[in-house]
Amino acid sequence: MEETVLKKVLTAATAAVLIGSLAACGGEDSVASSEAGGSSDTITMGFAQVGAESGWRTANTKSIQESAKAAGIELKFSDAQQKQENQIKAIRSYIQQKVDVIAFSPVVETGWDSVLQEAKRAKIPVILTDRAVDSEDETLYETFIGSDFVEEGKKAGEWLVQEVGTAETNVVELQGTTGAAPANDRRDGFEEAVSGSPNIKVIASQTGDFTRSGGKEVMEAFLKSNPDIDVVYAHNDDMGLGAIEAIEAAGKVPGQDIKIITVDAVKDGMQALADGKINFIVECSPLLGDQLMDAAQKVLAGEEVEKRIVTEETTFTQEQAVEALPTRKY
Ligand code: AHR
C-alpha cells in the first residue's frame with residue numbers, strides 16, 4: 001500500500017521535473033498546465049513539434065491544434081525550438097503522463113530508437129507527421145503522414161532543367177536544417193533531376209536552418225564569394241524570402257538577375273512568386289492535422305492504418321500564384 005503511494009508520488013515528481021525542464025527549454029504552457037493522463041473516454045495526444053522556424057511550421061501547428069479541437073482530442077503540445085534533445089524530453093514527459101498516443105515531427109532523422117522503444121514498452125503508439133526517422137525497426141511507429149520530399153526536390157530540379165535548357169547555370173543551394181529529412185531528401189531529389197544536365201552546376205550549398213534570417217545570412221555570404229550566381233534553390237520559402245532581401249541589398253533584381261526556386265507555397269512565398277521575385281514554388285502542405293487525428297483515432301480503435309500516408313501536392317508558376325493567392329488558406 002505504502003509502496004503504491006510512494007510510486008505515485010515519485011511518478012508525479014519525475015513528471016514535474018520533466019515538465020519543469022520542458023518549460024525551461026521552450027515547452028509550451030499546454031504541456032505544463034495539462035494534468036497527467038486523459039479522462040477515460042477522451043483521447044489524449046502528446047505532440048512534440050519541431051519549433052516555430054517558418055511560416056510553414058506556424059500553419060502546421062495551427063492545423064494540428066484546430067483538428068485536435070474539432071476531433072475532441074485533448075492535445076498536449078510542446079515546441080522543441082529545433083533541438084532534438086528538447087523533443088526527446090517532451091516525448092519522455094508524455095510517456096510519464098501516460099498519454100494515449102504520441103505524435104511528433106522529428107527535427108532530424110537519426111537518433112530516435114531508444115526513446116521510441118521506451119514508448120513501445122509503455123504501450124503508447126507513436127505517429128510520425130511531416131518528417132521521417134531513419135529507424136530500421138518499423139514497429140516503433142504506427143504510420144508516417146507527410147510529403148514525399150525527394151519528389152519535391154525532383155520537381156524543383158525538373159523545372160530548372162526545362163527553364164534553362166542548355167545554358168550554363170550556376171546554382172546556390174540554401175539547405176534546410178542539417179540532418180532533417182526535408183533537407184536530405186530535397187537535396188537528393190534536386191541532384192537527381194539535374195544529373196543529366198552538366199550545364200547546371202551547384203556551386204555552393206549551405207544550411208540556412210529553414211529560417212528567413214538564416215537564408216539571408218547565407219545568401220549574403222554566397223553573393224560575396226560568388227560573382228556569377230544564376231539561380232537560388234532554397235529548401236523552403238522562408239530561406240528564399242531571406243535570400244531576396246540579400247539579393248536586393250546587393251543591388252540585384254530577384255527573379256530576374258537571379259532566379260529563385262523554393263519549396264512550401266505559404267502565403268508570403270506565394271506573394272513573392274506573384275510579384276515576380278520568386279520564379280517557381282513546389283508545394284509542401286502543412287495541413288496535416290485532420291489526417292493525424294483520423295489516424296490516431298483508428299490506431300486506438302485497433303483499426304488498420306497505412307504505414308505511409310503521402311500528402312498530395314502541386315507546383316506553382318508565377319501566373320498560377322496570382323490565381324491561387326486569393327483563396328490560399330495559409
Ligand atoms: O518539414 C517541413 C519543412 O519544415 C518545411 O518545408 C519548412 O518550411 C519547415 O521548417
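Remember, it's 1-based here, ligands and their atoms both numbered in the order they're listed. When a residue number appears, it is its place in the shown sequence, counting from 1.
In this structure, Phe190 has its ring center closer than 6.0 angstrom to the ring center of Tyr233.
A heavy-atom distance below 4.5 Å is not found between the side chains of Ile102 and Met45. Side-chain contact between Pro182 and Arg131 is present, with at least one heavy-atom pair separated by less than 4.5 Å.
Less than 4.0 angstrom separates some heavy atom of Glu53 from each of these atoms of ligand 1: 4 (O), 9 (C), 10 (O). For ligand 1 and Pro182, the ligand atoms under 4.0 Å from any heavy atom of the residue are 1 (O). Near Arg131, meaning under 4.0 Å from one of its heavy atoms, ligand 1 places the atoms 1 (O), 3 (C), 4 (O), 9 (C), 10 (O). Those atoms of ligand 1 with a heavy atom of Ser54 less than 4.0 angstrom away are 7 (C), 8 (O), 9 (C), 10 (O).
Of the charged side-chain nitrogens involved, none lies within less than 4.0 Å of a carboxylate oxygen, so that Glu158 and Lys154 do not count as a salt-bridged pair.
Closest to atom 7 (C) of ligand 1 by heavy atom, among Leu288, Asp185, Asn236, Asp130, is Asn236.
For the 3.5 Å distance criterion, the side chains of Arg187 and Gln175 fail to qualify, holding no donor opposite an acceptor.
Ligand 1 has a nitrogen or oxygen under 3.5 angstrom from a nitrogen or oxygen of Asp264.
Counting heavy atoms under 4.0 Å from ligand 1, residue Arg186 touches it through the side chain alone.
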side-chain hydrogen bond (donor to acceptor under 3.5 Å, both in side chains) between Thr177 and Gln82, intermediate numbers included: CA-CA 9 Å; Thr177 304; Gln82 296 232 72; 3.2 Å; yes

